[in-house]
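Atoms considered below: every heavy atom in the structure, side chains included; atoms not considered: hydrogens, waters and symmetry mates. Please read all numbers here as calculations on a predicted model, not as lab measurements.
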Amino acid sequence: MEKYVELQESIISGKKDKVGELTQRFLDDGRPAKEILDEGLIPGMAVVGRKFQEGEYFIPEMLLSARALNVGLDLLKPLLEASDVKPVAKVLVGTVKGDIHDIGKNLVSIMLRGGGFEVIDAGVDVSPDTFVQMAKESSVDIVGLSALLTTTMPSMQETVEAFKSDGSRDKIKIMIGGAPVTTEYAEKIGADGYAQNASLAIEMARNLAGV
Amino acid sequence: MDSDKKQHQVEFIPAHKTGYFGEGITVRDAALELGILIDSDCAGIGSCAKCKVEIKKGANAPTPAEQQVLTAQELRKGVRLACQSTIVADSLCAVQTASQLGEQILTDGLFGDVELKPDIRKALVKIPASQLGEKYFDFEKLLECLKHQGITISGYNFQITRDLARVLRANGHTVTVVLEQQRLLAVEPGDTTLILYGVAVDIGTTTVAAKLVDLMSGGVVAVNSAANPQAAHGSDVVSRLQYVIQHPGGLKRFNQLIVKLINGLISNLSDEAGIDREQIYKVVLAGNTVMSHIALNIDPRCLGHKPYTPVFQGPVTLEAQSLEIKIHPGGVVYSIPNLACFVGGDITAVLTILDLDKQSKYQLAIDMGTNGEMVLGSKDRLLCCSSPAGPAWEGACITWGMRATRGAIERVEIGNGGLLFRTIGDCDPTGICGSGLIDIVCGFLRAGAIDKSGRILDPSQLPTGKAQWVKDLIVQKEKKGNDLRIADIGDNNSIFVSQNDIREIQLAKAAIASGVNVLLEEFAIAADEVATVYVAGAFGNHILARDVLDLGLIPDISPEKIKFIGNAALTGAEAILKSRDARERAEQISQKIEYIDIAGQPDFQENFVDAMHFAN
């Protein structure tokens, strides 16, 4: 919608004050939170994802847009909850045990939030048991595992196994990502999907959530 | 070797080395067996096209990968990829080896020469001949004569006694002994006291460089370098660790690769200097912790995950023979002590020549390798850290990147109406080495074609009035960002730098810059309190001080404080080879330096991401 163009552009250029100001103005004007999300924030973030994939944006630009997005989301969140608007799906993300790198995982969180998902961040160096426990507590639909180090990739497999032995493997979908990870590896360890970058992670999450 | 497989004779020219190999071995592996070093930087999967050889006889059919990356013209000429092409018949291969390529390693005397006082030395001994009826043992007589000259030997060198009867009498009971401190390494017939050589080696994750040093004069006789063949299994130390952890026999395989490469370099150096490799008695190794573990055949697996624990610090002195390093059979290999986690003997070597621990003002040393290492401090406290920068500085993982050898664009001037470049060896360009890449990025930043975020702009986005030549160098593309055209090389091809290449450099420089920031924060000082910044690396040419600033490797600091010191790890290893004092200093420094893990710092991510932008 025409009137959301400026909000979208503020997300794209990472102007967080402007995003806050515009979001508040739309709310004051009585626009529904769901509409602001769907017409303003999400399309803006989709452009950011596209620019990232095409090499125009790099990590700092993406994080700048993410900060702007979060300002908007924080304003909308209580209203979305009050009006019982459901997120696309609930995702638990974390960097696996032995690995303390979180940039890739954070980029995925951002893109998922920007795609209308609710994201719970388990942090870094997360043990298989913690993943299982947190997934249960928050009754998430999808679990996203990240690893930057080739040497910590086996922790991904251990986490998948932990969900199996807990008996909750069938209740959730598992997607994995990180520089050394491949589709073949995802298949090998019995994950449901792999995404090469944060932008493609949304598509994968949508597929897994069936939307 | 698979002895049950059919053997074929393979000859390599112009090195004129011939060997017999089982069917199916790749040309690259066959070459390496013979000490011929062929560069590559993809995982041996045939995508980087940097290992081209010409197979003049006995070639098999090109693989799909080769058909993909080689032109029809090349294939007709018999040009093949050494990593893909396998031996199926008696073959003749023409290889441009590193020794043909002409090396560009900076060897300027940037430091005061160390006093020539090596741990290894020779002494002439004249021994009275034995008489009938005398109680006389050759070896004990030798020890007795040495004692008269004030040289006490500890231990019994069994290896030497085996051939001593002949050696003693070959030249009228005049022999030359070779000593390493109190150790007797060898006895040579006659007077050879004027001939003694050593080799200093820097085992980089991406590039391995070596110097042959005349230990009588202190002069460097020859320099050579080659790509680390382990790079075929991953470009950084962590992927090397993974290979070792996941492949049974992986450590042995990596160890063999590096040992063969070092032997190949030693052979090239000896040939170039016209000496016999058995005149070399000592090899000094500098390398990061993972590289030094692998070179000594020590399993480094606990470096692969938190808390990143190495097995040994060193220093370690081993018999060259036990490591299969081919110098004199009595020779030794000295591995410079490691500092902590991934910070290895290479940075110890750098510190040995810099005297950071003696200065009252703060000094900073940055080794811009694939595994970036940084040290900040003064005489009161020294702190080091490491940061995985990736191999971009050495030209790997960059579209047209290459090591600093003949044909590499090493210097680029952008301005005054165009782009000028110079190649190593002043020949036609075949790629770009680290110093050229840095010049290109900084030059286009200043010309306004790359913005601070690292993006290559569209020509239309440049300010009107911007010179047309700048716009003409930008190749606009639909997908994945624009390219920067650097040099035309005929057939409508050009050497270019892609948007993705710039991103690789941004990641590499952010790794270094964020490490520097962590160190500054730890000392709670501003960058301008640092008196000198030493920048080391195997880039090719010097990097200019203004480039260091434009890249944003270190926050605001005046350019005259920045000193480029070339491949200082190799220079340091050379100093340790030449001087006992330098060796002792290296060992002291390794004891007193502190270590900080940067990735574990709470604000590290923010710090790293902030450092991705250029400073310009």
Full working for side chain to side chain donor-acceptor pair (under 3.5 Å) between B/Asp603 and B/Gln601: CA-CA 6 Å; B/Asp603 48 359; B/Gln601 298 298 301; over 6 Å; no

Interface moiety of B/Phe608 toward chain A, non-hydrogen atoms closer than 4.5 Å: side chain

Near-ring test B/His613/A/Phe58, centroid separation under 6.0 angstrom: no

Pair A/Phe131 and A/Phe163, ring centroids less than 6.0 Å apart: no

Part of B/Leu241 within contact of chain A (heavy atom distance under 4.5 Å): both

Plane angle bin for A/Phe26 and A/Tyr4 - parallel if under 30°, tilted between 30 and 60°, otherwise perpendicular: tilted

Which of B/Glu478, B/Gln246, B/Gln499 touches chain A most, by non-hydrogen pairs under 4.5 Å: B/Gln499

Best-contacting candidate, A/Pro154, A/Ser155, A/Gly98, A/Pro60, against chain B by heavy atom pairs under 4.5 angstrom: A/Pro60

Most chain A-contacting option - heavy-atom pairs closer than 4.5 Å, from B/Ile502, B/Asp610, B/Val609: B/Val609

Partner chain A: residue of B/Ala599, B/Pro307, B/Ser453 with the largest heavy-atom pair count (under 4.5 Å): B/Ser453

Portion of B/Asp451 that has a non-hydrogen atom of chain A nearer than 4.5 angstrom: neither

Test salt bridge (Lys or Arg N to Asp or Glu O under 4.0 Å) applied to A/Asp121 - qualifying residues, sequence neighbours left out: A/Lys105

Contact winner vs chain A - B/Asp236, B/Val238, B/Asn500, heavy-atom pairs under 4.5 Å: B/Val238

NZ/A/Lys90: more than 12 non-hydrogen atoms of other groups inside 6.0 Å: yes

Backbone of B/Val497 reached by a side-chain donor or acceptor of B/Thr399 within 3.5 Å: no

Proximal component of A/Ile103, with respect to chain B [non-hydrogen, under 4.5 Å]: both

Region of A/Asn106 that comes under 4.5 Å of a non-hydrogen atom in chain B: side chain

